[in-house]
Amino acid sequence: MGAELAVGILSVIFQNQTVTRLGELSTLLKEEYGINGQTTEAFDFAQTKFNCCGIFGPQDYEGSNWMTQDLGKGDIVAKTCCILSNSDHLDPKPVNSSWCQSDKAAEHIAFRHEEGCLDKLDDFLRNITILLVAIGCGAAALEIFGMIFSICLCKEV
């Protein structure tokens, strides 16, 4: 019972701290995307799942190590920033890669996600926190009800 209550309480306490630190992901993207495999996969997964690009937007890729070291082989943004014909973050297939990677807004607007992932990650974390609180407190309440019921049953016997 204590563990369930602890999960509920800790979810609320650390929610704001976690959300505050999400802004630091932009620096992580600039320094580690394309270099660290796990970081790259995590960003690609988030961009595919939430249909977003970068943390604050596609401009996060400008000046990143991924771009300066030409790890994207001339791409302006990661392929997972493009509107995809599949939903596989490990092997993304853009609907139109050349227009998605265009530096002209008129061309890439219909083929690239322009919204950053920060707000979508924030919403996701807040929803998960609510779920954890509900599960933790619900399980604790169920256990308390069970204890009260068993005490009443013992008194009757």
Side-chain angles (χ1 to χ4, degrees), residues 2-140 142:
E4 289 91 358
L5 284 174
V7 167
I9 293 168
L10 290 174
S11 295
V12 172
I13 292 172
F14 289 110
Q15 173 186 0
N16 289 333
Q17 189 177 21
T18 303
V19 169
T20 303
R21 302 225 31 213
L22 284 177
E24 298 173 14
L25 289 174
S26 180
T27 304
L28 185 65
L29 183 137
K30 287 185 179 294
E31 294 173 359
E32 297 290 325
Y33 187 83
I35 297 170
N36 181 317
Q38 290 178 328
T39 303
T40 303
E41 188 175 335
F43 276 106
D44 285 342
F45 176 76
Q47 290 176 154
T48 303
K49 178 173 178 55
F50 299 119
N51 295 322
C52 56
C53 184
I55 299 303
F56 298 107
Q59 68 276 7
D60 286 345
Y61 286 94
E62 294 173 13
S64 67
N65 288 336
W66 177 80
M67 186 172 271
T68 57
Q69 295 177 19
D70 199 29
L71 299 173
K73 298 177 177 67
D75 287 351
I76 294 173
V77 294
K79 289 189 182 348
T80 52
C81 285
C82 301
I83 295 175
L84 302 174
S85 60
N86 64 350
S87 60
D88 183 7
H89 68 282
L90 298 174
D91 184 28
K93 299 203 182 331
V95 172
N96 188 322
S97 187
S98 60
W99 281 24
C100 172
Q101 299 299 336
S102 174
D103 58 354
K104 298 175 184 156
E107 291 179 358
H108 70 71
I109 195 81
F111 296 97
R112 182 191 307 166
H113 300 292
E114 294 295 322
E115 186 179 355
C117 295
L118 182 65
D119 291 336
K120 294 183 178 193
L121 284 170
D122 182 21
D123 291 343
F124 177 75
L125 286 175
R126 289 185 192 281
N127 290 336
I128 289 296
T129 300
I130 291 169
L131 182 64
L132 287 175
V133 168
I135 290 172
C137 293
L142 192 61

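Index from 1, following the sequence.
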Cys pair Cys100/Cys81: SG distance under 2.5 Å? no
Could you pull out the closest heavy-atom pair between His108 and Asp103, with the gap in Å? CD2-C, 4.3 Å
Can you find a pair of side-chain heavy atoms, one from Tyr61 and one from Cys53, that are under 4.5 Å apart? yes
Between Gln38 and Glu32, is there a side-chain heavy-atom distance shorter than 4.5 Å? no
Closest heavy-atom pair, Pro92 versus Leu84, reported as atoms and distance to 0.1 Å, is CB-CD2, 3.7 Å
Would you say the side-chain atoms of Lys30 pair up with the backbone N or O of Glu62, donor to acceptor, closer than 3.5 Å? yes
Report yes if the side chains of Trp66 and Leu29 come closer than 4.5 Å at any heavy-atom pair, otherwise no. no
Could you list the donor-acceptor pairs under 3.5 angstrom formed between side-chain atoms of residues 68-78 and any protein atom two or more places apart in sequence or on another chain?
residue : atom : partner : partner atom : Å
Thr68   : OG1  : Ser64   : O            : 3.1
Thr68   : OG1  : Asn65   : O            : 3.4
Asp70   : OD1  : Gly74   : N            : 2.8
Asp75   : OD2  : Lys79   : NZ           : 2.9

Positive for side-chain hydrogen bond (donor to acceptor under 3.5 Å, both in side chains) with Thr80, one of Gln47, Lys49, His89: Gln47
Supply the atom-to-atom distance Ile55 CD1 to Leu28 CG, rounded to the nearest 0.5 angstrom. 8.0 Å
List the atom of Ser26, the atom of Asp60, and the distance in Å for their closest heavy-atom pair. OG-OD1, 3.6 Å
Value for CZ (Arg112) from CH2 (Trp99), rounded to nearest 0.5 Å, stands at 13.5 Å
Pair Glu107, Ser102: side-chain N/O donor-acceptor within cut-off below 3.5 Å: yes
Report the distance from atom OG1 of Thr48 to atom CG of Asp44, rounding to the nearest 0.5 Å. 6.0 Å
Euclidean distance, Asn51 CG relative to Ile83 CD1, rounded to 0.5 Å: 8.0 Å
Asp122 side-chain N/O to Leu118 backbone N/O, donor-acceptor pair under 3.5 Å: no
Tell me whether the count of non-hydrogen atoms from other residues, nucleotides or ligands lying under 6.0 Å of NZ in Lys120 goes above 12. yes
Would one find more than 12 heavy atoms of other residues, nucleotides or ligands at under 6.0 Å from atom CD of Glu24? yes
